[in-house]
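Notes follow once the structure below has been shown.
First the proteins, then the strands, lettered A, B, ... as listed; each starts at 1. Only this structure's heavy atoms are used, side chains among them; waters, hydrogens and symmetry mates stay out.
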Protein chains: 2
Amino acid sequence: MAQIKSIEQVIHDGAKLFMPSVSVDCVIFGFHDNQLKVLLLKMKGADQWALPGGFIYRDEDIDEAASRVLRERTGIQDIFLKQFHVFGQPKRSDKKFHLNMMKKDGIKVNKDNWIIQRFITTGYYALVDFQFVKPTPDFSSVSCEWWDLKDIHELFMDHKNILDRALETLRLQLNYQPIGYNLLPEKFTMPELQKLYETILDKSLDRRNFQRRMSGFGFVKRLKETRQGGAHKAPYLYSFDLKKYKKALEEGLQGGW
Amino acid sequence: MAQIKSIEQVIHDGAKLFMPSVSVDCVIFGFHDNQLKVLLLKMKGADQWALPGGFIYRDEDIDEAASRVLRERTGIQDIFLKQFHVFGQPKRSDKKFHLNMMKKDGIKVNKDNWIIQRFITTGYYALVDFQFVKPTPDFSSVSCEWWDLKDIHELFMDHKNILDRALETLRLQLNYQPIGYNLLPEKFTMPELQKLYETILDKSLDRRNFQRRMSGFGFVKRLKETRQGGAHKAPYLYSFDLKKYKKALEEGLQGGW
DNA sequence: ATATCATTGCGTCGTTATGACACAATGATA
DNA sequence: TATCATTGTGTCATAACGACGCAATGATAT
């Protein structure tokens with residue numbers, strides 16, 4: 001499984017290497033400066049941004065394919081990753097657009113080539129610790145960057161729709177998946193955790209009730225250190241008790257937000 | 001899009017009609033005699049039961065393909081249907097098994113035929129009103145029957161795994177999807193609704209607290225009729241106020257079970 | 001040095017929701 | 001007519017929740 005290095009290679013060898021008709025797209029979430037971020041690729045030959053994606057090798061598990069894409073784009077080995085939806089409308093990819101894009105880039109491709117057939121894609125969302133990511137573009141893109149969630153309005157193909165669905169899934173799974181654990185660094189403050197919840201839920205929460213409830217769950221432990229350097233009172237640092245966290249999530253955190 | 005009538009036809013025309021590599025499988029839930037039921041197919045040429053499934057026509061939405069499978073197996077037009085997971089392990093289908101099965105059935109198939117390639121399948125779960133279903137086998141099966149959930153132990157390929165995942169999804173989405181509405185007949189009793197919840201959650205609930213809480217949500221309305229014919233006190237009939245039900249589900253029913 | 005001020009940590013209070021259980025009403029069966 | 005499983009309604013103590021008060025902290029301004 002040699003890594004793909006050019007569009008030409010995909011066009012030439014794709015049909016042989018990969019499964020036809022199927023792809024994966026990844027919504028990679030990070031959290032930094034109290035903002036939810038998404039990793040995007042700027043595409044070659046078009047002034048558009050896209051979600052990182054890829055194809056499935058003929059003998060590769062689809063989850064492993066997504067995991068591989070994640071590794072290649074972020075440099076991180078073990079990443080929290082979940083499927084959330086299959087996007088299978090016949091019109092979701094625009095053949096003419098693809099052909100034009102490649103033409104611009106000086107690439108010749110036959111009209112019945114593997115790459116411009118209809119694809120059904122499985123959407124994955126991933127949660128990463130922002131600080132460890134080394135954004136790396138792939139063969140189809142010129143750069144790979146973190147975007148602030150609120151600044152993303154238009155994306156390649158149906159990728160904005162995919163992103164919106166990922167966010168919706170994140171919201172629904174907040175009580176069932178270790179979302180805080182995977183998005184935050186090992187040590188974090190209660191206001192940071194709250195801000196993460198508020199961003200995902202898109203609503204503000206009462207600071208004191210949030211603290212009480214979160215503490216009540218019993219899976220965050222307060223450390224003896226405080227976060228220094230802020231302009232005000234130094235808040236305590238916390239970390240997750242992963243064992244207790246996962247146990248609590250199995251049943252689902254009780255109550256709504 | 002002519003309906004497929006025989007295995008021979010699929011083998012012969014499949015590659016032309018359908019997308020390669022992708023399929024759908026449906027876990028069709030019903031509720032009858034206070035039991036959760038699943039619709040299964042008994043396969044030709046093998047003493048095994050399988051989930052209803054199908055392929056995706058080259059110009060068909062994947063959700064529509066699942067919907068079509070549902071229509072053909074149940075005779076019902078509008079069915080509640082949700083994707084829940086993609087099963088994409090390379091080893092999930094066993095080429096040799098398929099070849100043997102067809103051999104038994106006296107069907108010749110080339111080793112590189114479309115049908116025995118690797119398939120990635122998208123699992124859907126469907127909720128239907130038991131009484132309206134007319135179970136109908138497809139080209140690959142000799143019969144189509146309702147099975148009691150608790151009697152299903154082994155299925156074709158990885159279908160038992162798919163079923164288990166569907167059930168897990170049902171459990172997790174109980175507070176977010178109109179599951180009661182779609183599984184129960186228009187009029188139902190509170191004990192019936194409770195039994196449905198208990199079956200899905202696999203735990204018993206206090207009758208009186210269940211009634212209080214369910215009434216408190218405000219989307220079940222008590223009718224003036226009672227269910228006659230039972231051996232004991234005749235319970236009141238209820239029906240859903242669909243508008244209020246859906247509104248409540250948007251935010252998710254608060255609290256756990 | 002001292003006052004200012006946003007932020008943090010901890011607590012109160014009234015209301016509501018929850019789990020556990022009691023008891024009377026119903027209506028087919030014995 | 002008595003019996004009995006089942007249904008409808010209610011009680012009560014406890015826990016959880018939302019809204020809010022207030023003092024402690026520590027960087028910045030005066």
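- Using modelled atom types and a 3.5 Å distance limit, the side chains of A:Asp129 and A:Gln131 yield a donor-acceptor pair.
- You can see that DNA chain C meets the heavy atoms of chain A within a 4.0 Å-exclusive cut from C:dA6 to C:dT12, reading 5' to 3'.
- The distance between atom CG of B:Asn34 and atom C1' of D:dT6, rounded to the nearest whole Å, is 13 Å.
- Using a distance-only test at 3.5 Å, with no hydrogens or angles considered, no donor-acceptor pair links the side chain of A:Ser239 to the main chain of A:Leu237.
- Aromatic ring centroids of B:Phe188 and B:Phe240 lie under 6.0 Å apart.
- One can place CD of B:Gln194 at 12 Å from P of D:dT6, the figure rounded to the nearest angstrom.
- B:Gln83 and B:Asp63 share a side-chain donor-acceptor pair at under 3.5 Å.
- In this pair, B:Phe217 and B:Phe219 present their aromatic rings parallel. The plane angle is below 30°, not in the 30 to 60° band.
- Within 6.0 Å of NZ in B:Lys246 there are 12 or fewer heavy atoms belonging to other residues, nucleotides or ligands.
- Judged by distance alone, the side chain of B:Arg73 and the main-chain N or O of B:Thr136 form a donor-acceptor pair under 3.5 Å.
- Pairing partner, C:dT29: D:dA2, with both Watson-Crick or wobble hydrogen-bond distances short of 3.5 Å.
- Atoms CG (B:Leu193) and C1' (D:dG8) sit 16 Å apart, rounded to a whole Å.
- Of all nucleotides present, only D:dT30 satisfies the Watson-Crick or G-U wobble test against C:dA1, with each distance under 3.5 Å.
- Within the nucleic acid shown, A:Arg222 comes within 4.0 Å of sugar-phosphate atoms alone, with no base atom in reach, counting heavy atoms only.
- No side-chain donor-acceptor contact under 3.5 Å links B:Tyr181 and B:Glu186.
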The contact string for nucleotides 10-18 of chain D, one letter per nucleotide 5' to 3', using protein heavy atoms under 4.0 Å with B, S and - for base, sugar-phosphate only and none, comes out as BB-----SB
